[in-house]
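Below: the structure, in structure tokens.
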Amino acid sequence: MSASNEAAAGGALTISVIMPAYNAAHYLESSLPPLIEMRNRNDILEVLVVDDCSPDPSNVETAERLGATVIKMPENGGPGAARNHAAKIAKGEVLWLVDADVVVHEDGARVLREAFSGEKTAAVFGSYDRDPPAENFASQYKNLVHRYYHQRGKQDSDTFWSGCGAIRRSVYFDLGGFDGARYGRPSIEDIEFGFRMRKAGWSIRLAPDLLATHLKRWTLS
């Protein structure tokens, strides 16, 4: 029985992971294996890596070697456009958006399904863990401050975070996805999408137990 059929038989929401990636091969070595393991044990349906016209060919080579399904953008459009492109191909009822420099914890799919228990819950997002690997001050500060707010924020949220967040596929398309034309580079496209979800009457849930490690190394500049 396929992963999708097993999930349907058990009444569980099916989950597709969408990961935009631009020259991110060095991150994919760490961020993809936990997701591929989830797929292999039928916790999620598929792992889609969207290559946003990376000049470095190792971006695609690494994603394919690690077992992800690779989708190539026709032109560089930024993460919002990449997510929109993959969403048209994804098969899951829930689109789990994970940044290339984010390593999700192994129980992420279970936490997501529990968080989506409410019928009016359109989206769920999580938090960084307390163990950012970069040891310099800027990286520790930025990552742990981000964690602080997501650990202590209201669970009924007014915003959304796409670093490790998920949206019901039906809601995603009803609201038109991310505004890729307006946000051609990583920006506040997820916050803006969250405002639209709330305006449409949907609930967004902050799930502090949906944890992930952030690999980015910040500098003072």
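We count residues from 1, following the sequence as given.
Judged by distance alone, the side chain of Glu46 and the main-chain N or O of Thr69 form no donor-acceptor pair under 3.5 Å. Proximity of a side-chain donor or acceptor of Glu189 to a complementary backbone N or O of Asp179 within less than 3.5 Å is not detected. Within the 3.5 Å criterion, the main-chain N or O of Phe116 finds a donor-acceptor partner in the side chain of Arg168. Without hydrogens or angle criteria, Asn59 side chain to Asp51 main chain gives no donor-acceptor distance under 3.5 Å.
Connection of Val70 to Tyr22 is not established within any shared hydrophobic cluster, with ILVMFWY side chains joined at heavy-atom distances below 4.5 Å, either directly or through further cluster members. Note: the hydrophobic cluster containing Leu66 also contains Val104 (ILVMFWY, side chain heavy atoms under 4.5 Å, direct or indirect links). Tracing side-chain contacts under 4.5 Å through hydrophobic residues (I, L, V, M, F, W, Y), one reaches Val47 starting from Ile71; they form part of the same cluster. Cluster membership check: Leu35 does not share its hydrophobic cluster with Val60, using side-chain heavy-atom separations under 4.5 Å among Ile, Leu, Val, Met, Phe, Trp and Tyr. No single ILVMFWY cluster, assembled from side-chain heavy atoms under 4.5 Å apart, contains both Leu144 and Phe125.
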Original post:
Checking salt bridge (Lys or Arg N to Asp or Glu O under 4.0 Å) for the pair Asp131/Arg147: CA distance, chi angles, key distance, verdict?
Top reply: CA-CA 10 Å; Asp131 300 308; Arg147 170 184 167 81; over 6 Å; no
Subject >> Chi angles and distances behind the side chain to side chain contact (heavy atoms under 4.5 Å, CB included) call for Ser162, Phe178 >> reply: CA-CA 10 Å; Ser162 59; Phe178 288 91; 4.2 Å; yes
**OP:** For salt bridge (Lys or Arg N to Asp or Glu O under 4.0 Å), just list the numbers for Glu93 and Arg113, CA-CA rounded to whole Å, side-chain angles, deciding distance to a tenth of an Å, and then say yes or no.
**Re:** CA-CA 11 Å; Glu93 298 164 281; Arg113 287 192 174 94; over 6 Å; no
**OP:** Check the pair Ser30, Leu215 against side chain to side chain contact (heavy atoms under 4.5 Å, CB included), reporting the backbone distance first and the verdict last.
**Re:** CA-CA 9 Å; Ser30 298; Leu215 303 177; 3.8 Å; yes
Subject >> Pair Lys88-Phe173, side chain to side chain contact (heavy atoms under 4.5 Å, CB included): steps then yes or no >> reply: CA-CA 9 Å; Lys88 299 173 184 176; Phe173 285 109; 4.2 Å; yes
**OP:** May I have the step-by-step check of side chain to side chain contact (heavy atoms under 4.5 Å, CB included) for Trp202 and Ile167, ending in yes or no?
**Re:** CA-CA 11 Å; Trp202 291 101; Ile167 307 174; over 6 Å; no
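For the atom pair CG of Leu206 and CG of Asp156, the computed distance is 10.0 Å after rounding to the nearest 0.5 Å. Note: Asp174 CG to Arg196 CZ = 11.5 Å, rounded to the nearest 0.5 Å. Atoms CZ and CG, from Phe195 and Asp158 in turn, are 7.5 Å apart once rounded to the nearest 0.5 Å. A distance of 6.0 Å separates CD1 in Ile204 from OG in Ser157, rounded to the nearest 0.5 Å. Atom CG of Leu97 sits about 6.0 Å away from atom CZ of Arg83, to the nearest 0.5 Å. In this structure, the separation between CG on Asp99 and CD1 on Ile18 is 12.5 Å, given to the nearest 0.5 Å.
Looking at every heavy atom in both residues, Val103 comes nearest to Pro34 through CG1-CG, 3.8 Å. Here the shortest heavy-atom pairing between Gly126 and His150 reads O-ND1, 2.9 Å. Of all the heavy atoms in Val102 and Ala212, the pair that sits closest is CG1-CB, 3.3 Å. Across all non-hydrogen atoms, the minimal contact from Ala166 to Val94 is CB-CG1, 3.6 Å. Between Ser127 and Pro208 the shortest heavy-atom distance is CB-O, 4.2 Å. Heavy-atom minimum distance, Arg169 versus Ala87: NH2-O, 3.3 Å.
Ring orientation note: the planes of Tyr128 and Trp161 are nearly perpendicular, at an angle over 60° on the 30°/60° scale.
Taking the six-membered ring for Trp and the full ring otherwise, Trp218 and His146 have centroids separated by 6.0 Å or more.
Just one residue in the list Arg217, His214, Lys216 forms a side chain to side chain donor-acceptor pair (under 3.5 Å) with Asp101, and that residue is His214.
Using a 4.5 Å cut-off on side-chain heavy atoms (C-beta onward), Glu29 and Arg65 make contact. In this structure, Val17 and Arg39 have side chains that are not in contact, with every pair of non-hydrogen atoms separated by 4.5 Å or more. For the pair Gln151 and Leu211, the minimum side-chain heavy-atom distance is below 4.5 Å.
Ser54 and Asp56 share no donor-acceptor pair across their side chains, judged by distance under 3.5 Å alone.
For NZ of Lys199, the number of neighbouring non-hydrogen atoms (other residues, nucleotides, ligands) closer than 6.0 Å is 12 at most.
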